[in-house]
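As a basis for the values below, the full set of heavy atoms in this structure was taken, side chains included, without hydrogen atoms, waters or symmetry mates. Every chain is numbered from 1 and lettered A, B, ... according to where its sequence line falls, protein lines coming before strand lines.
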There are 2 protein chains.
Amino acid sequence: MTIYDVAHEAGVSVATVSRVLNNTAPVSPKTKQKIMTVIEKYQFQRNALARSLKKKETRTLGIILPDITNPFFPEVFSGIELEARENDYTLFLCDTMGEYERETQYLYMLRERQVDGIVFLGGRINLSKVEQNLAEELQTFAQRVPTVLVNGSIPGNPIHRVCVDEGAGTEQAVRHLLALGHTDIAFIGGLEYMTTTMQKIRAFKKVFREHGLTVRKEWILYDDFSLNAGKRQMKKLLHMSHKPTAVLCVNDYTAVGAIQEAGRRGYSIPNDISIIGFDDVPLATAILPEVTTVSQKTELLGRTAISILHKLIQKEKVKKLTVIEPELIIRESTAQL
Amino acid sequence: MTIYDVAHEAGVSVATVSRVLNNTAPVSPKTKQKIMTVIEKYQFQRNALARSLKKKETRTLGIILPDITNPFFPEVFSGIELEARENDYTLFLCDTMGEYERETQYLYMLRERQVDGIVFLGGRINLSKVEQNLAEELQTFAQRVPTVLVNGSIPGNPIHRVCVDEGAGTEQAVRHLLALGHTDIAFIGGLEYMTTTMQKIRAFKKVFREHGLTVRKEWILYDDFSLNAGKRQMKKLLHMSHKPTAVLCVNDYTAVGAIQEAGRRGYSIPNDISIIGFDDVPLATAILPEVTTVSQKTELLGRTAISILHKLIQKEKVKKLTVIEPELIIRESTAQL
DNA sequence: GTGAAAGCGCTAACAT
DNA sequence: ATGTTAGCGCTTTCAC
């Protein structure tokens, strides 16, 4: 059923039907009524494809992320969805499952589908050294379709982005530990070549330096971002002759893994060791002790990304970088030395 | 840039360009080459809107689910994505956040967008008594666009569905507990009017009946599906004069909540109380003790849903109901009485 | 092997 | 207030 069928059945022209559908010009109550009756009778729904083709706007957005299974992403997706809904966008969700090549594929696919904009999380924009061609590709893309990066960047920062200040968050965490009397602090997890990891370690070192302390190189343990990373590296730490009294983790997932491993080996958290996470995903309050962590304000992060993207789409002026201040959430996994 | 521009630049007709783009008819190597050159030079990408409008197929699917923040759903979404990708579908993700009204909105929206099919998880199809009009709406919808329901149904089962046999899974769990010597078993969580809850309780009772046991009414504790539900109801249980020695939880989330609460009150799991979850989300292995649970085989579930949907779309014959057998995963939260 | 042209369902400029 | 009509960018039939 098309707009023509409706027009015919109601004895009017397609233009008039279009007018009542879009409320785009005055139509007499009578004809309007006639048309509405037909629409309801046949449950007519217009074809968004045709509409978008003509209007050159799809009201659709692409979200590219590396792993929906990692609890951080559903949380920010939730914020994205909320804000998108308010602005009447529908979302394509593209999970690259950590493969950079797939990012490229999705980028092309989304352009073919004429999305009004995209938001890009994780993946290549988290690499401290982005391959030249990956960066260029994304930049070229961003010139053609409005794009915002979340918690990441590419060299030269040519693309709009919204970021949590992970350095500031880490500083808060370290200061908290210091205030509790800890100076033997280790850092667990995160791939060395990702900015999330680097920023945190940099901030960690900075605070130490300010306090005239130095961080022990053997206590900086790189790994991936998984639960098992936390377990593995905690185990390593616990085998050392000189053990830290507190450990900072790259995210809540690894923190939980670390806590589990410590518990399994008979250590009591936080009495024997203080542990601190990052992100504040629901998992952080699921375990005993509940994890002290740094909130990324995930919902706000998602909402902000869309609100910026929306402005970009309307060609409003927006500043290139929006920073979100994280917040230390003190719970049960940290204690006085 | 359109196909016309390409045609013009290459000195051929649009038909020919279309032919090489779609490989839909033989084109001489020479002209093909000319066209490819132009395409690469200008980075031409075709407009999927126009294409879909003409072909009456969009290669898009709508996924409607109640809460992407609940770890069960990202897991099945992952399976969905995997299978969708293999069949070249792109996904609209619609999170209703538990609001039935929003399901309706998304249903309409997806039809306007001409999706080739939808998969529907949770929400109204999980209600043991679906409101008449909600059921009808969905049924009418399913007649017009291929639809598959995951872990749910509506009266009369007119729509294709794929379900995990939650009853069978629960039976395995109860038998496991029985085998460990437990007969004082409680059940925690789940809204009373949802099928996920009902099916489990029914199976629970059935196994008890078979063994000549009866379940204590005061040990069946309804609540929602959250972590806090687990905490709340475990607390209640622990305040009773006669306490169960084992508890069955409606999902892993509540199981973890229950474990946390028990631990907080000084009970040792599984020594004092055995606890068993359902779903087998990653959370289940994140805590100490790792939780014994029933795997829903989430990835398989997602993949199956799409593979059925795909067949439906191609108008292949598919059986109305596909059942997936769950599997008991014995870990650390259950022990001999 | 290639081209001309109709048409997918809609919007919007122009006419009445 | 309403109708006519020209596209939007593509696929596909029908000619040649």
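When all heavy atoms of A/K320 and A/N157 are compared, the closest pair comes out as CD-O, 3.9 Å. Closest heavy-atom contact between A/I39 and A/L21: CD1-CD1, 3.5 Å.
Across the protein-nucleic acid pair, B/L53 atom CG and C/dC10 atom P stand 9 Å apart, rounded to whole Å. Look at NZ on B/K56: it is 9 Å from P on C/dC10, rounded to the nearest Å. Per the geometry, OH belonging to A/Y4 stands 11 Å off P belonging to C/dT11, to the nearest Å. The distance between atom CD of B/Q114 and atom P of C/dG9, rounded to the nearest whole Å, is 9 Å.
Counting heavy atoms from C-beta outward, A/L93 and B/F77 have side chains that approach closer than 4.5 Å. Considering only heavy atoms from C-beta on, B/C163 comes within 4.5 Å of B/L321 through its side chain.
At the heavy-atom level, B/T16 lies under 4.0 Å from the strands shown only through sugar-phosphate atoms.
The backbone N or O of B/V164 lies less than 3.5 Å from a partner atom in the side chain of B/N151, making a donor-acceptor pair. Between the side chain of B/D116 and the backbone N or O of B/L61, no donor-acceptor pair lies under 3.5 Å.
Of the residues in residues 19-48 of chain B, those with a non-hydrogen atom less than 4.0 angstrom from any atom of DNA chain D are B/R19, B/N22, B/F44, B/R46, B/N47.
Environment of OH in A/Y100: crowded, with over 12 heavy atoms of neighbouring residues, nucleotides or ligands closer than 6.0 Å. Counting non-hydrogen atoms of neighbouring residues, nucleotides and ligands closer than 6.0 angstrom, the CD atom of A/E316 exceeds 12 such neighbours.
In this structure, B/S13 reaches the C/dG3 phosphate: one of its side-chain N or O atoms is under 4.0 Å from OP1 or OP2.
Heavy-atom contacts of chain A under 4.0 Å fall on DNA chain D between two terminal nucleotides, which in 5' to 3' order are D/dA1 to D/dG9.
Here the nucleotide nearest the side chain of B/A15, chosen from C/dG3, C/dT11, C/dG7, is C/dG3.
Both B/A50 and B/V14 lie close to DNA chain C; mapped to their nearest nucleotides by heavy-atom distance, the more 5′-ward contact belongs to B/V14.
Here B/R124 pairs with B/E137 in a salt bridge; the nearest charged N to carboxylate O distance falls below 4.0 Å.
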